[in-house]
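Every chain is numbered from 1 and lettered A, B, ... according to where its sequence line falls, protein lines coming before strand lines.
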2 protein chains.
Amino acid sequence: MSSTKDLILDSAQALAQSRGFNAFSYADIAEELDIRKASVHYHFPSKLDLETELLDRYRKNFIAEMATIESSTKGSTRQLQSYIQLYSNTLKCNKICLAGMMASDVGALPDHLSHSLSAFFKEQTDWLAKVMSVGKSNGELNFTGSAKSEANVFLSALQGGLLIANATGDETGFKRLKTSLLAQLI
Amino acid sequence: MSSTKDLILDSAQALAQSRGFNAFSYADIAEELDIRKASVHYHFPSKLDLETELLDRYRKNFIAEMATIESSTKGSTRQLQSYIQLYSNTLKCNKICLAGMMASDVGALPDHLSHSLSAFFKEQTDWLAKVMSVGKSNGELNFTGSAKSEANVFLSALQGGLLIANATGDETGFKRLKTSLLAQLI
DNA sequence: GTCTATAGGTGGATAGAC
DNA sequence: GTCTATCCACCTATAGAC
């Protein structure tokens with residue numbers, strides 16, 4: 001049984017990932033959950049509070065997902081595949097990454113949010129670089145640049161690919177992108 | 001001497017590329033140009049009209065840029081470098097691609113705009129695939145997948161890389177990304 | 001083509017009862 | 001913790017003078 005606060009976050013996240021954070025209102029959330037706007041304000045006094053908690057939760061969830069992959073999936077290639085799957089799942093729901101969405105409005109964000117956003121991308125890149133580094137050490141992966149640089153390309157392509165695939169409705173294009181990204185590391 | 005209409009488009013584009021389309025108003029444009037809101041409405045009755053013309057102009061400009069590159073720059077590698085430079089210039093102004101920004105709000109866009117957005121990404125991918133195809137034919141470039149697939153990875157990485165670099169303020173990361181993208185094709 | 005003035009609506013936010 | 005009621009600022013948009 002989810003708390004109202006969690007349900008609000010779920011609703012807001014779904015709206016943000018498909019429309020953008022500035023394209024929905026408290027009224028949309030209230031309607032979806034069949035509660036009143038004032039109740040939403042009780043849990044999140046300002047919309048900035050909501051946005052902040054949304055990104056915090058998103059970061060934590062992603063970190064947890066990465067930890068799960070690391071502990072339950074063997075092999076660098078398969079770990080990267082599992083990571084990619086997180087993005088495929090998002091695309092299936094006609095959504096993009098919450099952080100990717102917020103990044104497109106970065107010029108309008110207060111400092112603490114842009115810092116949190118920065119941290120998200122660093123967390124992702126660091127984890128990917130670690131996995132790639134291990135894979136190169138044991139001979140499973142093969143690439144020429146630094147792991148950090150490869151991780152940056154990998155994440156960038158996933159973020160951009162998700163954005164484009166979602167805008168064009170081209171799921172097969174995203175499928176090919178996933179294949180290419182892995183092929184380049186083997 | 002630019003017309004008022006062009007100045008409005010310029011102002012709106014700059015605002016959209018740094019803040020997002022839903023994070024600025026006619027009042028912002030009017031203030032920047034020192035005119036009244038009603039004058040903006042004279043040229044663009046609704047904000048949707050503004051958004052539509054903005055994307056149309058952006059597409060045309062990009063097509064013109066690509067044509068210029070094709071006619072004035074010799075060699076596939078150098079043509080791709082020139083293309084990449086378009087994105088570097090955007091990053092220098094702390095902006096992202098207008099289409100990338102709009103793509104993050106695609107769930108809130110009317111059909112005609114999402115179709116135009118789709119067309120933009122197709123135009124970019126097609127041009128890149130053509131350049132890559134030529135480069136492969138004459139031995140200048142070397143890659144294993146299809147040109148279309150490589151073009152998709154290339155564009156995705158640039159779009160995502162721009163988004164991330166702009167959000168993190170990491171210009172050097174974007175520089176390395178550019179190098180990696182080209183290295184993968186040689 | 002640009003202005004003043006204003007309508008009409010929505011969005012974020014608060015007060016206070018229950 | 002949720003509700004009703006309401007405020008106020010801002011936003012899109014229009015009417016009509018110049």
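With sequence neighbours left out, A:E53 forms a side-chain contact (heavy atoms from CB on, under 4.5 Å) with A:K5, A:L9, A:F44.
Between B:Q79 and B:E70, the closest heavy-atom pair is NE2-O, 3.5 Å. In this structure, B:G100 and B:I96 approach most closely via the heavy-atom pair C-CD1, 4.5 Å. Residues A:A147 and A:M132 approach most closely at O-SD, 4.1 Å, considering heavy atoms.
Annotation: cation-pi pair A:K47/A:Y26 absent, no NZ/CZ under 6.0 Å from the ring centroid and within 45° of its normal.
Salt bridge status for B:D28 with B:R19: present, with a side-chain N to carboxylate O gap under 4.0 Å.
As rounded to whole Å, 13 Å separates atom P of D:dT14 from atom NZ of B:K37.
Counting non-hydrogen atoms of other residues, nucleotides and ligands closer than 6.0 Å to CD of B:E31 gives a total of 12 or fewer.
Contact between the side-chain N/O atoms of B:T4 and the OP1/OP2 oxygens of C:dT2 is found at a separation under 4.0 Å.
When the side chains of ILVMFWY residues are joined at heavy-atom separations under 4.5 Å, either directly or via intervening members, B:M101 and A:L98 end up in two distinct hydrophobic clusters. Under a hydrophobic-cluster definition in which Ile, Leu, Val, Met, Phe, Trp and Tyr are linked whenever side-chain heavy atoms come within less than 4.5 Å, directly or via other members, B:Y42 and B:L33 are assigned to different clusters.
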Verdict with reasoning, B:K122 to A:D170, per salt bridge (charged side-chain N to carboxylate O under 4.0 Å, His left out): CA-CA 10 Å; B:K122 183 161 172 35; A:D170 182 14; over 6 Å; no
Name each donor-acceptor pair under 3.5 Å that joins a side chain in residues 150-164 of chain B to protein atoms two or more places apart or in another chain, with its distance.
unit_1 : atom_1 : unit_2 : atom_2 : d
B:N152 : ND2    : A:G173 : O      : 3.1
B:S156 : OG     : B:N152 : O      : 2.8

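Of the residues in residues 5-13 of chain B, none lies under 4.0 Å from DNA chain C by heavy-atom distance. The stretch residues 38-52 of chain B touches DNA chain D through B:A38, B:H41, B:P45, B:S46, B:K47, each having a heavy atom under 4.0 angstrom from the strand. A heavy atom closer than 4.0 Å to some atom of DNA chain D occurs in no member of residues 102-116 of chain A. Less than 4.0 Å separates DNA chain D from at least one heavy atom of each of the following residues of residues 14-36 of chain A: A:I35, A:R36.
At a cut-off of 3.5 Å, with distance as the only test, a side-chain donor of A:Q13 or A:Q17 sits close to an acceptor on the other residue.
For A:W127 and A:F62, the ring centers sit 6.0 Å or farther from each other.
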